[in-house]
Amino acid sequence: MVKPTPRQAPRAPQKTPTRVNRKNIVWLASYPKSGNTWTRIFLANYLLNRQEPMPINQVHRLGIGDSIAKTYRMVAGGPIDTRDLRGMLALRPKVLNGITGNGADVNFVKTHNIRDIAMGVELVPAPLTKAAVYILRNPLDVIPSYARHYGLTHEQTAEAMERDDHLAQGDAETVPQYLGNWSRHVKSWTGRTPFPVLALRYEDLKADPETSFSRLLEHIGVPVDAERLSRAIRFSSFEEVSRQETETGFVEKSPTAERFFHGGRSGGWRETLTPEIIERVTKAHGSTMRAHGYLP
């Protein structure tokens, strides 16, 4: 007599592993003092659909900066030395992978870094990048604002913006940021890139914020609502953010500066820079300035 073959127990259904989309960073990039903070405040008010102005000290809710020392300490699992260039660069890929691994479709990341390689580390890795918005400003206007923020002279700032090895040193709150030469910084983000980049001039944001910010929203795939746009522009105006800074202070203000939001005018360099500084800047960056409409 043939014995019946025992039936096997049914197998549990196999779960398909969830695939995390790592290509989800949208960089908000600029050279320092070029309009990055204003852009982030606008986006926070628009995307969160604020009915009253977003507190400027809560703008971090929109995204994260790529130089925040706290995130590097979390990845390192302990204290770090932000003056250790190689050490901080070694942690950078882990920090960025941590950001992209949160399952979000989009992660806005503020950066002042040049799109380049530093000591063998790709500062802006294409495999993690969905898109970028790059804000540029006339370097003649950057100089007085940058000098005020970092406690430098106009001469020191102009010299620093010519150097390929220029970087913002790390401190208790931030790790080093690789800025480099102003022209090279601009070209690195506005030239040929492996991901879509929208370049916006600070001057155009000031002159026609409705058009420029609409272009930004369309670039990141967000529908433009006219009433919501107008409200977000009003809530991120210089008058509003300056009022808030007076009342509550601003966490992003440099210890060497009296205020973060100082004026933000376009063309103010005509009243503050010497003819020697103007000549030096236009000589060093003339071709790039001309390409973006800052020189005839």
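All values below come from the heavy atoms of this structure, side chains included, with hydrogens, waters and symmetry mates left out. From a predicted model like this one, the values you see are computed outputs, not experimental measurements.
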> Give the intermediate values and the outcome of side-chain hydrogen bond (donor to acceptor under 3.5 Å, both in side chains) for residues Y150 and Q156.
CA-CA 10 Å; Y150 289 105; Q156 290 170 326; over 6 Å; no

> Please report the interatomic distance CG(L140) to OH(Y294), rounded to the nearest 0.5 Å.
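If I round to the nearest 0.5 Å, the distance is 10.0 Å.
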
> Cation-pi between R137 and Y31: NZ/CZ under 6.0 Å from ring centre and within 45° of the ring axis?
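No; the conditions do not both hold, so R137 does not lie above the ring face of Y31.
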
> Scan side-chain atoms only and decide if N113 and D66 contain a donor-acceptor pair under the 3.5 Å cut-off.
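A donor-acceptor contact under 3.5 Å links the two side chains.
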
> Using only atom types and a distance under 3.5 Å, with no angle test, would you say the side chain of R201 pairs donor to acceptor with the backbone of H292?
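Yes, R201 side chain to H292 backbone: donor-acceptor pair under 3.5 Å.
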
> Hey, can you tell me if Y202 and W38 have their rings parallel, tilted or perpendicular (30° and 60° cut-offs)?
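The arrangement is perpendicular - the two ring planes meet at more than 60°.
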
> For residues S212 and R215, is any side-chain donor paired with an opposing acceptor at under 3.5 Å?
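Note: S212 and R215 side chains miss the donor-acceptor criterion.
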
> Taking the side chain from E210 and the backbone from A226, do they hold a donor-acceptor pair closer than 3.5 Å?
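No, because the side chain of E210 does not come within donor-acceptor range (under 3.5 Å) of the backbone of A226.
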
> Taking the six-membered ring for Trp, is the centroid-to-centroid distance between H185 and Y134 below 6.0 Å?
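Ring centres of Y134 and H185 closer than 6.0 Å.
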
> Examine distances only and state if a side-chain atom of R50 and a backbone atom of A44 form a donor-acceptor pair shorter than 3.5 Å.
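Between the backbone of A44 and the side chain of R50 there is no qualifying donor-acceptor contact (under 3.5 Å).
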
> Other residues, nucleotides and ligands only: do more than 12 of their heavy atoms fall within 6.0 Å of CZ on R290?
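More than 12 within 6.0 Å, yes.
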
> Which heavy atom of S188 sits nearest to which heavy atom of T193, and what is that distance?
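What the structure gives for the nearest pair is O-CG2, 3.9 Å.
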
> Any chance the rings of W182 and Y146 have centres within less than 6.0 Å?
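Not under 6.0 Å, so no.
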
> Can you list the steps and then say if R184 with D164 is a salt bridge (Lys or Arg N to Asp or Glu O under 4.0 Å)?
CA-CA 8 Å; R184 285 194 60 221; D164 287 340; 3.7 Å; yes

